[in-house]
Amino acid sequence: MARITFIEHNGTEHVVEAELGMTVMEAAVKNSIPGIAAECGGACACATCHVYVDDAWRDPTGNPEQMEEDMLDFAFDVRPSSRLSCQIKVSAALDGLVVRIPEKQF
């Protein structure tokens, strides 16, 4: 298991335990995290699971692949730390991961 902290736009924090091998988006949906719509179910076909990865976690979570970058074009308020949470696989190395949820999802 890995602990993930989701921080809503208003500052509300949700700490969840995620199973190794699932995605950050799946952990959010499983734990009913507000602000993660995940309309495509993790197929990287929308941008409704957009998050901002805290700076300390940007290297461990890796860089987005081209398809993810293309989908981020449809996200609200894209920043250098933007990722689609459906594309971040939970591993032991991500124990303690902190992500922030944008004000809204498109």
Side-chain angles (χ1 to χ4, degrees):
M1 299 288 268
R3 181 170 291 192
I4 301 173
T5 302
F6 293 89
I7 303 174
E8 292 183 56
H9 178 71
N10 65 10
T12 303
E13 293 187 13
H14 304 271
V15 179
V16 304
E17 295 285 331
E19 295 175 31
L20 303 181
M22 70 181 349
T23 65
V24 172
M25 181 271 311
E26 289 170 327
V29 170
K30 181 178 179 182
N31 290 281
S32 302
I33 302 299
I36 302 290
E39 291 176 0
C40 75
C44 197
C46 71
T48 61
C49 68
H50 175 214
V51 296
Y52 305 118
V53 176
D54 269 18
D55 288 342
W57 293 97
R58 288 180 62 189
D59 283 339
T61 56
N63 294 315
E65 299 286 328
Q66 186 62 51
M67 182 161 53
E68 180 181 355
E69 285 187 14
D70 291 344
M71 289 313 307
L72 281 167
D73 289 341
F74 299 101
F76 173 76
D77 192 20
V78 175
R79 303 175 186 175
S81 62
S82 290
R83 291 292 309 271
L84 296 182
S85 59
C86 68
Q87 299 302 299
I88 304 172
K89 185 85 67 177
V90 176
S91 68
L94 296 186
D95 187 30
L97 175 65
V98 177
V99 297
R100 297 178 184 276
I101 302 169
E103 182 178 2
K104 60 183 174 181
Q105 304 278 7
F106 285 136

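Atoms CE and CD, from Met71 and Glu69 in turn, are 13.0 Å apart once rounded to the nearest 0.5 Å. Atom CD1 of Ile7 and atom CD1 of Ile101 lie 9.0 Å apart (nearest 0.5 Å). Distance CE/Met25 to CD1/Ile36: 9.0 Å, rounded to 0.5 Å. From Thr61, atom OG1 reaches atom NZ of Lys89 across 14.5 Å, with rounding to the nearest 0.5 Å.
By the side-chain contact (heavy atoms from CB on, under 4.5 Å) test, Arg3 pairs with Val15, Glu17, Asp95, sequence neighbours left out. Every residue was checked against the side chain to side chain donor-acceptor pair (under 3.5 Å) condition with Glu13, not counting sequence neighbours, and none meets it. For Val90, the side-chain contact (heavy atoms from CB on, under 4.5 Å) test picks out Ala2, Ile4, Ala18, Leu20, Met22, Val24, with sequence neighbours left out.
A cation-pi arrangement is present between Arg79 and Tyr52, with the terminal nitrogen or guanidinium carbon under 6.0 Å from the aromatic centre and inside a 45° cone about the axis.
Between the side chain of Thr48 and the backbone N or O of Glu39, at least one donor-acceptor pair lies under 3.5 Å. For Thr12 (side chain) and Glu8 (main-chain N/O), no donor-acceptor pair under 3.5 Å exists by modelled atom type. No donor-acceptor pair closer than 3.5 Å links the side chain of Gln87 to the backbone N or O of Glu65. Side-chain atoms of Arg83 do not come within 3.5 Å of backbone N or O of Glu68 as any donor-acceptor pair. The closest donor-acceptor contact from the side chain of Ser85 to the backbone of Cys49 lies under 3.5 Å. Here the side chain of Asn31 pairs no donor or acceptor atom with the backbone of Ile33 at under 3.5 angstrom.
For Asp59, the CG atom counts as loosely surrounded, since its 6.0 Å shell holds 12 or fewer non-hydrogen atoms of other residues, nucleotides or ligands.
Cluster membership for Val78 and Trp57, using ILVMFWY side-chain heavy atoms within less than 4.5 angstrom, is not shared.
For Thr5 and His14, the side-chain atoms include no donor-acceptor pair closer than 3.5 Å.
In terms of heavy atoms, Pro60 sits closest to Ala56 at CD-O, 3.8 Å. Heavy-atom minimum distance, Phe76 versus Lys104: CE1-CE, 3.1 Å.
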Any chance you could lay out the side chain to side chain contact (heavy atoms under 4.5 Å, CB included) test for Leu84 and Val51, step after step, and finish with the verdict?
CA-CA 6 Å; Leu84 296 182; Val51 296; over 6 Å; no
